Participant: 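Sending over a structure as structure tokens; questions will come in a sec.
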There are 2 protein chains.
Amino acid sequence: MSLEHAILGFLNAHPYSGYNLKKIFDASVRHFWPADQSQIYRTLTRMNEKGWVEIEVVRQESRPDRKEYSITPMGRDELRRWLLSPLPPEDNRSADMIQVFFAGQFSNNEVLAMFERVAAQMRTGLERYAQIPREIEAYDEYTTSPREFFFGMLTLDIGIHSLKSNLAFVENLIERIRHGEIPEN
Amino acid sequence: MSLEHAILGFLNAHPYSGYNLKKIFDASVRHFWPADQSQIYRTLTRMNEKGWVEIEVVRQESRPDRKEYSITPMGRDELRRWLLSPLPPEDNRSADMIQVFFAGQFSNNEVLAMFERVAAQMRTGLERYAQIPREIEAYDEYTTSPREFFFGMLTLDIGIHSLKSNLAFVENLIERIRHGEIPEN
DNA sequence: TGCCATTATAGGACTTGTACTATATGCTAC
DNA sequence: GTAGCATATAGTACAAGTCCTATAATGGCA
């Protein structure tokens, strides 16, 4: 489970509440690790039981009380252990690859429509990616060092880079179909 | 849910048993859609209840009886509908991206070790990808048309292409760290 | 005054998937 | 002759995540 570790990563820089964490996830790692609000709260509870985080209830006058979670030494150890240990071989489920895999069951016209849709989705994906730095800087509750920010942005670069090269691939395919290079049957 | 749709995709070409399907998944789409044996059987049962597949029990003498699943017209409709409809925006969880995201919490030496590990994993991933066509051709229970095979292989090409470009990116980063282009703190 | 948005936490029901185990048959290698 | 492997199906328990809902305070707007 790495929602726990992603949370530890953020808490290592600064203590946050569940609500804060949801905002931060949405403004940063959403594209490669979406986090459900409900799941964040449940995970924080479990992490507290494990002794990875501590809770401080912060009274607020104009707003509901917050539970501020900070990382414990045990939590820091766990984060370090996880970040420096190899991950079990990837299990990246991607339904769009399944769609492409079975594309041969349709005519070239339909495949073309499918691929154009995929390309369009990739383009909007790229746009959304490009906005992330602004989003995360706009969320002023989020504080981090320049070095950590650099590596965070680097991850987005990888995502963008990867999306761009996939898009180029798909666009090339669209051209090949248009030029009649893929036989119908 | 697209395990259902992936199964429909395979059954559209040929009827298979749960056991067959497990083999086929492992020999083809495993890298972007791993399928658990237990999950396949449960899913087939559910699909039968929905009327997407039909069961024919095939008596075998030297082996346990097989339940052969074939796609129904309803199943075909559902497959077509799904393949030609846009997917909800991707939710590709990838834990290695989380690891890179938080890499800034470590020294350049540790980051280097991390990235080299990631690069090594990508290289073995590439090797495994390259073996797939041979694997799927070796599983003689799996039958498909040349056109469908072409699109299947195309999916693998996208996977390989994407992995290669990510690997190049990571290798470039490793070089940048080695040349002292990323300040320590 | 009523309605909606924001801040804040959390439970219930459900889905999808994993890990492990059970059961059964027949073939092959040692 | 028995251990292990391939074929074949399926259940239990659990983990992780989604969707929807509940609760509660405040502030803004019409």
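Below, read A as the first sequence line, B as the second, and so on, with proteins coming before strands; counting in each chain starts at 1. This one's a predicted model, so the numbers in the text were calculated from it and none came from an experiment.
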Participant: From CE of A:M47 over to P of C:dA10, roughly how many Å is that when rounded to an integer?
Facilitator: 15 Å
Participant: Please enumerate all residues that pass ring-ring contact (aromatic ring centres under 6.0 Å, His included) together with B:Y16, with sequence neighbours excluded.
Facilitator: B:H14
Participant: Check each residue of residues 12-25 of chain B for a non-hydrogen atom within less than 4.0 Å of any atom in DNA chain D, then write out the ones that pass by number, or none.
Facilitator: B:S17, B:G18, B:Y19, B:K23
Participant: Determine the minimum heavy-atom distance between A:V53 and A:T72, stating which atoms define it.
Facilitator: C-CG2, 3.7 Å
Participant: I need the minimum non-hydrogen distance between B:R117 and A:L83, along with the two atoms involved.
Facilitator: NH1-O, 3.8 Å
Participant: B:Y69: which residues meet the ring-ring contact (aromatic ring centres under 6.0 Å, His included) condition with it, sequence neighbours left out?
Facilitator: none
Participant: Pairs under 3.5 angstrom, nitrogen or oxygen only, protein versus nucleotides 17-19 of chain D, please.
Facilitator:
residue	atom	partner	partner atom	Å
D:dG17	OP2	A:Q39	NE2	3.4
D:dG17	O3'	B:R93	NH2	3.4
D:dG17	N7	A:Q39	OE1	3.3
D:dT18	OP1	B:R93	NH2	3.1
D:dT18	O4	A:R42	NH2	3.0
D:dC19	N4	A:S38	OG	3.3

Participant: Between atom CD1 in B:I55 and atom P in D:dA8, what is the gap in whole Å?
Facilitator: 16 Å
Participant: With sequence neighbours excluded, what pairs up with B:F25 under the ring-ring contact (aromatic ring centres under 6.0 Å, His included) test?
Facilitator: B:F10
Participant: Taking atom P of D:dG11 as reference, at what distance in whole Å does atom CZ of B:R46 sit?
Facilitator: 13 Å
Participant: Can you name the closest pair of heavy atoms from B:R147 and A:G104 and give their distance?
Facilitator: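 Scanning both residues completely, I find the closest heavy atoms to be NE-O, 3.3 Å.
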Participant: Could you check how far NZ of A:K67 sits from C1' of D:dA24, rounded to whole Å?
Facilitator: 15 Å
Participant: Could you list the residues that satisfy side-chain hydrogen bond (donor to acceptor under 3.5 Å, both in side chains) with A:E116, not counting sequence neighbours?
Facilitator: A:R178
Participant: Does the distance from a Lys or Arg side-chain N to an Asp or Glu carboxylate O, for A:R46 and A:E49, drop under 4.0 Å?
Facilitator: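 No.
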Participant: Rounding to an integer number of Å, can you tell me how far B:L44 CG sits from C:dT16 C1'?
Facilitator: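 Spelled out: CG on B:L44 to C1' on C:dT16 is 15 Å.
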Participant: Roughly, in whole Å, what's the span from CG in A:D65 to P in C:dT6?
Facilitator: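 Taking CG of A:D65 and P of C:dT6, I get 21 Å after rounding.
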Participant: To the nearest Å, how far apart are A:R66 CZ and D:dA24 C1'?
Facilitator: 17 Å
Participant: With A:D36, which residues qualify under salt bridge (charged side-chain N to carboxylate O under 4.0 Å, His left out), at least two apart?
Facilitator: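 Salt bridge (charged side-chain N to carboxylate O under 4.0 Å, His left out) check on A:D36 returns nothing, list empty.
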Participant: I need the minimum non-hydrogen distance between B:I7 and B:T43, along with the two atoms involved.
Facilitator: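 Heavy atoms of B:I7 and B:T43 come nearest at CD1-CG2, 4.1 Å.
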Participant: B:I40 has an atom CD1; how far is it from atom C1' of D:dA10, in whole Å?
Facilitator: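 Going from CD1 in B:I40 over to C1' in D:dA10 covers 13 Å.
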Participant: Taking 4.0 angstrom as the limit, do A:D77 and A:R81 come out as a salt bridge?
Facilitator: no
Participant: Listing time: all N or O pairs from protein to nucleotides 21-25 of chain C that are below 3.5 Å?
Facilitator:
none

Participant: Once ring-ring contact (aromatic ring centres under 6.0 Å, His included) is applied, do any residues pair with A:W82, and if so which ones, sequence neighbours excluded?
Facilitator: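 Result, ring-ring contact (aromatic ring centres under 6.0 Å, His included) vs A:W82: A:H5.
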Participant: Sequence neighbours left out, what passes side-chain hydrogen bond (donor to acceptor under 3.5 Å, both in side chains) with A:K164? Give chain and number order.
Facilitator: none
Participant: So, does A:Y41 get its side chain near the phosphate of C:dT9, meaning an N or O under 4.0 Å from OP1 or OP2?
Facilitator: yes
Participant: For DNA chain D, find the residues of residues 75-84 of chain B with a heavy-atom distance under 4.0 Å and give them by number; none if there aren't any.
Facilitator: none
Participant: For B:N166, check side-chain hydrogen bond (donor to acceptor under 3.5 Å, both in side chains) against everything at least two apart and list the hits.
Facilitator: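 With sequence neighbours excluded, B:N166 shows a side-chain hydrogen bond (donor to acceptor under 3.5 Å, both in side chains) to no residue whatsoever.
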